[in-house]
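Keep in mind that what you see is a predicted model, and the values were worked out from it rather than measured.
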Amino acid sequence: TSPSANLQIDGATPDPKIIIRDSGEDNNLTITQGFNSYLFASNALYFDVNGDTTGDALSILAGGNVGIGTASPGNKLEVVSSAFPAAFINSTNTNGVRLDLLTTDGNARYQIQAIGTGVAGRAGNFEIQNFNTGTVALVIANSTGNVGIGTTSPADKLHVHESTAS
């Protein structure tokens, strides 16, 4: 009966709404269902859940920066959390889980990986691999705790293997 915008649709509890505001407002379009909100603001998209109105559940800025736990991400992906761990990557692939780091020119590409049971002899290892050369730069062997540089099967607490120069 008393709309707070030019178009407002109210329903019974939980009260789904669509509110469109004039361009002078910070939020140009707000869609609300119960305690969840989607705010389409100038140059950004914000998602709030459970009545939180900080815009930090998920934020997507015009420049492509994405924030989880922050309304103003300063990087392409920024996760802010008081929880430990702040991020968790879980893979159902038997080869393990991997994070690829790549420069746009392709000159530097590394993989940080936790090896799964699908890779014989290396299951449970933590490895950093140079993708361009296919060599494992560093490994922490799960079965022994040994650290290897230049080898996937370190024989001692610290095992450095240097290939022969050609």
Side-chain angles (χ1 to χ4, degrees), residues 26-31 33-166:
D26 289 335
N27 302 320
N28 296 328
L29 173 63
T30 303
I31 301 172
Q33 179 184 16
F35 294 108
N36 301 321
S37 296
Y38 312 95
L39 299 98
F40 300 86
S42 59
N43 299 319
L45 172 62
Y46 301 102
F47 296 88
D48 291 314
V49 293
N50 295 326
D52 179 16
T53 58
T54 59
D56 65 1
L58 176 67
S59 306
I60 305 170
L61 304 185
N65 290 1
V66 175
I68 299 172
T70 178
S72 54
N75 298 290
K76 287 299 178 187
L77 176 62
E78 185 172 338
V79 178
V80 176
S81 174
S82 62
F84 183 78
F88 182 77
I89 301 172
N90 187 5
S91 173
T92 58
N93 188 304
T94 60
N95 288 331
V97 63
R98 180 178 82 199
L99 176 64
D100 289 1
L101 307 173
L102 174 68
T103 59
T104 56
D105 61 9
N107 287 329
R109 181 173 179 182
Y110 283 87
Q111 298 170 325
I112 300 170
Q113 49 199 8
I115 306 298
T117 57
V119 181
R122 293 169 44 206
N125 287 0
F126 172 81
E127 299 180 357
I128 298 175
Q129 182 176 28
N130 181 324
F131 184 82
N132 294 336
T133 63
T135 59
V136 174
L138 180 118
V139 64
I140 301 173
N142 183 52
S143 60
T144 62
N146 292 349
V147 176
I149 298 174
T151 178
T152 58
S153 45
D156 296 303
K157 289 297 176 193
L158 177 60
H159 182 157
V160 179
H161 175 75
E162 182 178 3
S163 60
T164 54
S166 51

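One finds the CG atom of Leu58 at 11.0 Å from the OG1 atom of Thr70 (value rounded to the nearest 0.5 Å). Separation of atoms CG (Asn130) and OG1 (Thr135) is listed at 5.0 Å; rounding is to 0.5 Å. How far CD of Glu127 is from CD1 of Ile115: 4.0 Å, rounded to the nearest 0.5 Å. In this structure, the separation between NE2 on His159 and OG1 on Thr144 is 11.5 Å, given to the nearest 0.5 Å.
Within the 3.5 Å criterion, the main-chain N or O of Pro73 finds a donor-acceptor partner in the side chain of Asn65. Of the possible polar contacts, one joining the Ser91 side chain to the Gly96 backbone as a donor-acceptor pair under 3.5 Å is found.
Looking at residues two or more places apart in sequence or on another chain, you find no side-chain hydrogen bond (donor to acceptor under 3.5 Å, both in side chains) involving Ser143. Residues passing the side-chain hydrogen bond (donor to acceptor under 3.5 Å, both in side chains) test with Asp100, sequence neighbours excluded: Arg98, Arg109. Not a single side-chain hydrogen bond (donor to acceptor under 3.5 Å, both in side chains) links Asn93 to another residue, sequence neighbours left out. Annotation: side-chain hydrogen bond (donor to acceptor under 3.5 Å, both in side chains) contacts of Ser153 (sequence neighbours excluded): none.
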For the pair Val136 and Arg122, evaluate side chain to side chain contact (heavy atoms under 4.5 Å, CB included) and give the outcome as yes or no after the intermediate values.
CA-CA 12 Å; Val136 174; Arg122 293 169 44 206; 4.2 Å; yes
Dump the intermediate steps for side chain to side chain contact (heavy atoms under 4.5 Å, CB included) on Asn90 and Val97, then the final yes or no.
CA-CA 7 Å; Asn90 187 5; Val97 63; over 6 Å; no
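For residues 134-147, no pair satisfies salt bridge (charged side-chain N to carboxylate O under 4.0 Å, His left out), with sequence neighbours left out. Within the structure, salt bridge (charged side-chain N to carboxylate O under 4.0 Å, His left out) contacts touching residues 146-160 (residues at least two apart or in different chains) do not occur.
Residue Tyr110 qualifies as open at atom OH: its count of foreign heavy atoms under 6.0 Å is 12 or below.
Between Leu101 and Ile112 there is a side-chain heavy-atom pair separated by less than 4.5 Å.
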